[in-house]
Amino acid sequence: MSTLKEKFQSKIGPMRDRVQKLVKEKGEVVIDDVTISQVIGGMRDIRSMWWVISDLDPQEGIRFRGYTIPDLQAKLPKAHGGSEPMPEGIFYFLLTGDLPTFDDCAAITEEWRRRSALPGHLLTTLESIPTDTHPMTQLSLAILSLQRDSKFAHRYRAGMPKGDYWDPMYEDVMDLLAKLPEIGARIYRRSYKGGHYIAADPKLDWAANTAHMLGIDKSEFYELMRLYLVIHSDHEGGNVSAHTCHLVGSALSDAFYSMSAAMNGLAGPLHGLANQEVLRWIMDVMKDLGGVPTKEQLHKYLWDTLKSGKVIPGYGHAVLRKTDPRYIAQREFALKHLPNYDMFKVVSDIYEIAPKILIEQGKAKNPWPNVDAHSGVLLYYYGLTEYDFYTVLFGVSRAMGILAQLIWSRALGLAIERPKSVLIEWLEEQAAKAPAPAK
Ligand code: AMX
């Protein structure tokens, strides 16, 4: 058994005890009220899901098991010669709650390398998809095709006690994470590089190998991939991709069904696809205005975007009410590595102007940028210019968080999700019964 698996197993018992005690002794404690607006408005902010591995504060942003992004940039192991944290480390940390050593990370790199070979039926599936199909559709189909080999599904069919569910789930998750970089790179190379694939380099870590198989062998881009794959990994449980994975998995669908479904949600323009939309919008700005616009031109362009009924992509958030720390981490990377890049200047100018305009417009509850407002410019700078592909990289990273949670969900025997839906007549009845508001 691998060290990571043993370490995880040692955490299950204490957490099961903690949950059982809480439910047995305090299960009836009321923790939230729900309004009609929340029911109609996307269930916003209703506290109704337990997430083990991260928590999102509206003001300060994401904390991964209590640690901020700068904390983790300082504490997680770095690849030799690098200064950004390794994704192997965030996965270890999210799953176990313990900070890994460099050797722990290296063991995961090696384990994922061993599990990384793509089966023939996945390659056949990919080859059957027209290359102009959106990369996210290709990703979802590729992941789903791996379901054939799910260890969880096979063990469940053979009959397995509930207490063992976590074990084959862990195995499936490790298989899937190991294969995702090559799946992503294949989608990229077949869609944009004529199907000329690049073999993995066994000497490289998971993130650097992703960069290498995409065809960008620059140490700075390796560093960007490490940072990118760490910061996109998890954003608590209520966002569309995380919640989808959680919901589908709650029916005891395996990791491949759950992850493929999650990617279909990530592909929405209000969620992960926003990173592609940001780049497309910036390219339009620079094309329409003949290069880097003046601030006055940008001001007008932003208003024109809003007046045409579109959103400003990369701005706003369902939970956050401040600039996303994932944006800040990427901005710092840009200030260090590409401070004079024209497109970075446009991104910075938008950061200066867009919040004021959104505040003036008065609709968006959060006028500040989210993670997607900055990721595209970094990828573009290093030569990854095909922005329709960007959400695939988001998905490769997001897999680490939502699949770590999925293992926990099976380890804890969490129930099938089944919230109660209601009819408009019932809501109107509740409204009629409520006391009139004080004048
Ligand atoms: N530009 C223009 N209008 C915006 C806006 C933006 N960036 N963000 C919010 N609004 C509007 C909403 O469309 C809504 O308008 P409506 O009343 O006419 O329907 C109003 O402001 C209130 O919305 P909200 O409560 O502030 O946001 P929300 O929780 O409903 O939605 C989000 C959040 C992210 C979907 C929204 O801010 C948005 O569409 N942003 C642009 C797309 C984007 O960047 N998505 C990525 C989010 C991060 C991620 O998941 N990867």
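In each ligand, atom 1 is the first atom listed, and ligand 1 is the first ligand listed.
Taking the six-membered ring for Trp and thresholds of 30 and 60 degrees, His337 and Phe333 have ring planes inclined between 30 and 60 degrees apart. Ring-plane geometry between His232 and Phe394 is classed as perpendicular, the angle between the planes exceeding 60 degrees on a 0 to 90 degree scale with a lower cut at 30. Between Tyr341 and Tyr381, the ring planes lie perpendicular to each other; the angle is over 60°, past the 30° to 60° tilted range. Classified by interplanar angle (parallel below 30°, tilted 30° to 60°, perpendicular above 60°), the ring pair Tyr188/Phe389 is tilted. Taking the six-membered ring where tryptophan is involved, the planes of Tyr382 and Phe221 are tilted, since the angle between them lies from 30° to 60°.
For atom 32 (C) of ligand 1, the nearest protein heavy atom lies 4.0 Å or farther away. Not a single protein heavy atom sits closer than 4.0 Å to atom 12 (C) of ligand 1. Protein non-hydrogen atoms do reach within 4.0 Å of atom 28 (P) of ligand 1. Atom 18 (O) of ligand 1 is flagged as protein-proximal [any protein heavy atom, distance under 4.0 Å].
Residue His235 does not touch ligand 1, judged by heavy-atom distances below 4.0 Å. Of all the heavy atoms of Val311, the ones lying under 4.0 Å from any atom of ligand 1 are found in both the backbone and the side chain. Contact annotation: for Val278 versus ligand 1, there are no heavy atoms closer than 4.0 Å. Contact annotation: for Leu306 versus ligand 1, heavy atoms closer than 4.0 Å belong to the side chain alone. By the criterion of a heavy-atom distance under 4.0 Å, both the backbone and the side chain of Leu270 are placed next to ligand 1.
With atom 43 (C) of ligand 1 as the reference point, the heavy atom nearest to it among Pro369, Ala364, Ala274 is part of Ala274. Distances from atom 1 (N) of ligand 1 to the heavy atoms of Val319, Asn366, Asp324, Ile312 show the closest one on Ile312.
For atom 25 (O) of ligand 1, the nearest protein heavy atom (residue, atom name, distance) is Lys365 NZ, 2.8 Å. For atom 41 (C) of ligand 1, the nearest protein heavy atom (residue, atom name, distance) is Tyr315 O, 3.3 Å. The protein heavy-atom contact nearest to atom 30 (O) of ligand 1 is Arg44 NH2, 3.3 Å. Taking atom 51 (N) of ligand 1 as the reference point, the nearest protein heavy-atom neighbour is Asp372 OD2, 2.6 Å.
Because its NZ or CZ atom is not both nearer than 6.0 Å to the ring centre of Tyr197 and within 45° of the ring axis, Arg190 does not count as a cation-pi partner of that residue.
The atoms of ligand 1 that sit less than 4.0 Å from any heavy atom of Gly314 are 43 (C), 44 (O). Short contacts between ligand 1 and Lys363, defined as distances under 4.0 Å to a heavy atom of the residue, involve ligand atoms 15 (O), 16 (P), 18 (O), 20 (C), 21 (O), 22 (C).
Side chain of Arg410 to main chain of Gly249: a donor-acceptor pair is present (N/O by atom type, distance under 3.5 Å, no hydrogens or angles). Under a 3.5 Å cut-off, the side chain of Arg326 and the backbone N or O of Asp324 do not form any donor-acceptor pair. Between the side chain of Gln330 and the backbone N or O of Val371 there is at least one donor-acceptor pair closer than 3.5 Å. Proximity of a side-chain donor or acceptor of Ser260 to a complementary backbone N or O of Ser140 within less than 3.5 Å is detected.
Here's the thing with Asn370: one of its N/O atoms is less than 3.5 angstrom from an N/O atom of ligand 1. The shortest N or O to N or O distance between Lys310 and ligand 1 is not under 3.5 Å.
Judged as a side chain to side chain contact (heavy atoms under 4.5 Å, CB included), and not counting sequence neighbours, the contacts of Lys300 are Asp304.
Aromatic pair His235/His317: centroids less than 6.0 angstrom apart.
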